[in-house]
Amino acid sequence: MIEVTAAIVEQKGKVLAARRKPGNSLAGLWELPGGKVEAGETHPVCLRRELIEELSIRCDIGQHVFTNEHCYGDKQVRLHAYAARITEGEPRLHDHDRLCWLEPDQLMELNWAPADIPIIEHYLSLCRQRSCLDYYQLNAKNYALETQGALMTELYALFEAELPSGARILDLGCGSGRDSRFFKNKGYRVMAVDACEAMTEQASEYIGCPVTRLMAQELNVKQCYEGIWCSASLLHCRQQELASVFHRIARALVPGGICFASFKLGDGERVDERGRFFCDQNTESLTNILVEEKELQIIRLWEEQTPLRGELQGWCSVLVTRV
């Protein structure tokens, strides 16, 4: 296995792509700049060296973004991609015959080297999620006012029927704080979290207690809750993240604990007219995800239509228990 690094160099909202020049392997294909890891090098050290050698730029290397394995004939490579930011210099051509800066939505127009394609696809999913968080950050107050009055009576009743008195509830993606306030007023011990900083401020004021910034993908506790409530929150996760998120939920529940989650009804990832990223589900797709998590058992899984902004909105909802 050959270990290789690649840099997602971002600048002013654009990403740097480089085309391999004639005479090299994969000539004419586009790639993220980087190169082979030498003995004793960490990935960031390798990338900093390669970016100097290939492009005459010095960069800060940020978070790991994605790792992909690919077989080029008899050569197996493991490509590790990291975010990067130029701190010195302008990109120059050495090992490539063309360079270009592209908006994220232009990236798939290029003819990429095969090992780079899953990385680009993963990066684009992250961009869509980032745009989604930006929407809530900018519109937190209006969104809170829009959703605080929604009637959830039947769903509350289904959830409460499975809970012991005084249960500990995690409101995972609490949004406006509507549901946390209901559960708190019913005597449950509620922990409210949300991925958006501005939304935590709105919810904290509405609930009357602190709300923590936390993404579902960051949940990392064991057997702390009798109930986890995920009303229209996990629908902003990427499809490939959902199995891991439900595993984190299972781990956070006590044996016999329950989780409610709801998704917009559909099939696959999309971005709506507000720029929000969604991963829509139906009973079949959600079942396929949940059967992989052996510690969770489906109590009820259903599809329904409910009013939303003057129209009917389809939902796919599930109630599961930790066995």
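Positions are given from 1, in the same order as the sequence printed here. Predicted model only: the values in this text are computed from it and were never measured.
Each of N24, N111, L110 was compared with L29 under the side-chain contact (heavy atoms from CB on, under 4.5 Å) criterion, and only N111 meets it. Checking each of K264, Q239, R270 against D280 for a side chain to side chain donor-acceptor pair (under 3.5 Å) leaves exactly one that passes, namely R270. A side-chain contact (heavy atoms from CB on, under 4.5 Å) with S180 is found for exactly one of D171, V211, N185, namely D171.
By the salt bridge (Lys or Arg N to Asp or Glu O under 4.0 Å) test, E3 pairs with R78, sequence neighbours left out. Listed by chain and residue number, F182, F183, W229 satisfy the ring-ring contact (aromatic ring centres under 6.0 Å, His included) test with Y156 (two or more places apart in sequence, or in another chain).
A donor-acceptor pair is defined here as one N or O able to donate and one able to accept, closer than 3.5 Å; such a pair exists between the side chain of T87 and the backbone of R58. With hydrogens and angles disregarded, no donor-acceptor distance shorter than 3.5 Å links the side chain of K141 to the backbone of L138. In this structure a side-chain-to-backbone donor-acceptor pair under 3.5 Å is present from R248 to L219. Between the side chain of T200 and the main chain of D194, no donor-acceptor pair closer than 3.5 Å is present. Distance alone, capped at 3.5 Å, places no donor-acceptor pair between the R92 side chain and the L55 backbone. Looking at Q137, its side chain does come within 3.5 Å of a backbone N or O of A198 through a donor-acceptor pair. Panel note: side chain H236, backbone F277; a donor-acceptor pair is recorded below 3.5 Å. Looking at Q63, its side chain never comes within 3.5 Å of a backbone N or O of A83 through a donor-acceptor pair. Judged by distance alone, the side chain of S204 and the main-chain N or O of C209 form a donor-acceptor pair under 3.5 Å. Judged by distance alone, with hydrogens and angles left aside, the side-chain atoms of W112 form a donor-acceptor pair with the main-chain N or O of L107 at under 3.5 Å.
With rounding to the nearest 0.5 Å, the separation of CD in E218 from CG in N220 is 10.0 Å. With rounding to the nearest 0.5 angstrom, the CG atom of N139 is 9.5 Å from the CZ atom of R276. Taken to the nearest 0.5 Å, the OG atom of S176 stands 12.5 Å off from the CG atom of N142.
I298 approaches T287 most closely through the heavy-atom pair CD1-OG1, 4.5 Å. For P33 against V9, the heavy-atom pair with the smallest separation is CG-CG2, 4.4 Å. Between E90 and I57, the shortest heavy-atom contact is C-CG2, 3.5 Å. Between T321 and G257, the closest heavy-atom pair is OG1-O, 3.0 Å. Of all heavy-atom pairs spanning A203 and G175, the tightest one is CB-O, 3.3 Å. A pairwise comparison of heavy atoms in L235 and S262 identifies CD2-O, 4.0 Å as the closest pair.
A continuous path of ILVMFWY side-chain contacts below 4.5 Å connects L170 to V320, so both sit in one hydrophobic cluster. One hydrophobic cluster holds both V245 and L296 under the rule that ILVMFWY side chains link at heavy-atom gaps under 4.5 Å. Clustering ILVMFWY residues whenever any of their side-chain heavy atoms sit less than 4.5 angstrom apart, transitively, puts L234 in a cluster other than the one holding F260. By the criterion of side-chain heavy atoms lying less than 4.5 angstrom apart, applied directly or through intervening Ile, Leu, Val, Met, Phe, Trp or Tyr residues, I228 is grouped together with L301 in one hydrophobic cluster. Note: the hydrophobic cluster containing L126 also contains I117 (ILVMFWY, side chain heavy atoms under 4.5 Å, direct or indirect links).
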Can you list the steps and then say if R213 with E201 is a salt bridge (charged side-chain N to carboxylate O under 4.0 Å, His left out)? CA-CA 9 Å; R213 196 215 68 80; E201 296 170 6; over 6 Å; no
Salt bridge (charged side-chain N to carboxylate O under 4.0 Å, His left out) for R130 and E10? Distances and angles first, verdict last. CA-CA 14 Å; R130 190 161 57 190; E10 292 181 307; 3.3 Å; yes
Show your working on side chain to side chain contact (heavy atoms under 4.5 Å, CB included) between R85 and C59 and close with a plain yes or no. CA-CA 5 Å; R85 180 180 62 87; C59 291; over 6 Å; no
Working for salt bridge (charged side-chain N to carboxylate O under 4.0 Å, His left out), residues R20 and E31: CA-CA 7 Å; R20 296 182 68 83; E31 66 178 2; 3.2 Å; yes
Check the pair H94 / E54 against side chain to side chain donor-acceptor pair (under 3.5 Å), numbers first and verdict last. CA-CA 6 Å; H94 296 297; E54 287 190 359; over 6 Å; no
Side chain to side chain contact (heavy atoms under 4.5 Å, CB included) evaluation trace for V193 with M215: CA-CA 8 Å; V193 302; M215 299 178 68; over 6 Å; no
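Using a 4.5 Å heavy-atom cutoff, the side chains of L16 and P91 are in contact. Considering only heavy atoms from C-beta on, W315 stays 4.5 Å or farther from E303 through its side chain. Put simply, the side chain of V190 does not reach to within 4.5 Å of the side chain of I207, judged on heavy atoms. Two residues are said to be in side-chain contact when any heavy atoms from C-beta on lie closer than 4.5 Å; I2 and Q76 fail this criterion. Residues C100 and K14 have side chains not in contact (no heavy-atom distance under 4.5 Å, counting atoms from C-beta outward). When side chains are defined from C-beta on, I169 does not count as touching E226, because their heavy atoms never get closer than 4.5 Å. A 4.5 Å side-chain heavy-atom check between P104 and C127 finds at least one atom pair inside the cut-off. You'll find the side chain of C316 reaches within 4.5 Å of the side chain of T283, heavy atoms only.
With a 6.0 Å radius and a threshold of 12 heavy atoms from other residues, nucleotides or ligands, R274 has its CZ atom above the threshold. E205 CD: 12 or fewer foreign heavy atoms inside a 6.0 Å radius. Applying the 6.0 Å contact sphere to CD of E103 captures more than 12 heavy atoms from other residues, nucleotides or ligands. Atom CG of L151 sits in a sparse spot, with 12 or fewer heavy atoms from other residues, nucleotides or ligands closer than 6.0 Å. The number of heavy-atom neighbours closer than 6.0 Å to CD of Q297, taken from other residues, nucleotides and ligands shown, is 12 or below.
Residues Q129 and E241 have side chains that bring a donor and an acceptor to within less than 3.5 angstrom of each other. Inspection of the E160 and Y188 side chains reveals an N or O donor paired with an N or O acceptor under 3.5 Å. Between the side chains of S131 and R128, no donor N or O sits under 3.5 Å from an acceptor N or O.
Aromatic ring centroids of H80 and F66 lie 6.0 Å or more apart.
Figure legend: cation-pi geometry between R178 and Y206 absent, as NZ or CZ is not positioned both under 6.0 Å from the six-membered ring centre and within 45° of its axis.
Residue pairs satisfying the side chain to side chain donor-acceptor pair (under 3.5 Å) criterion with at least one member in residues 36-47, sequence neighbours excluded, are listed as follows: E41-R49, H43-Y82.
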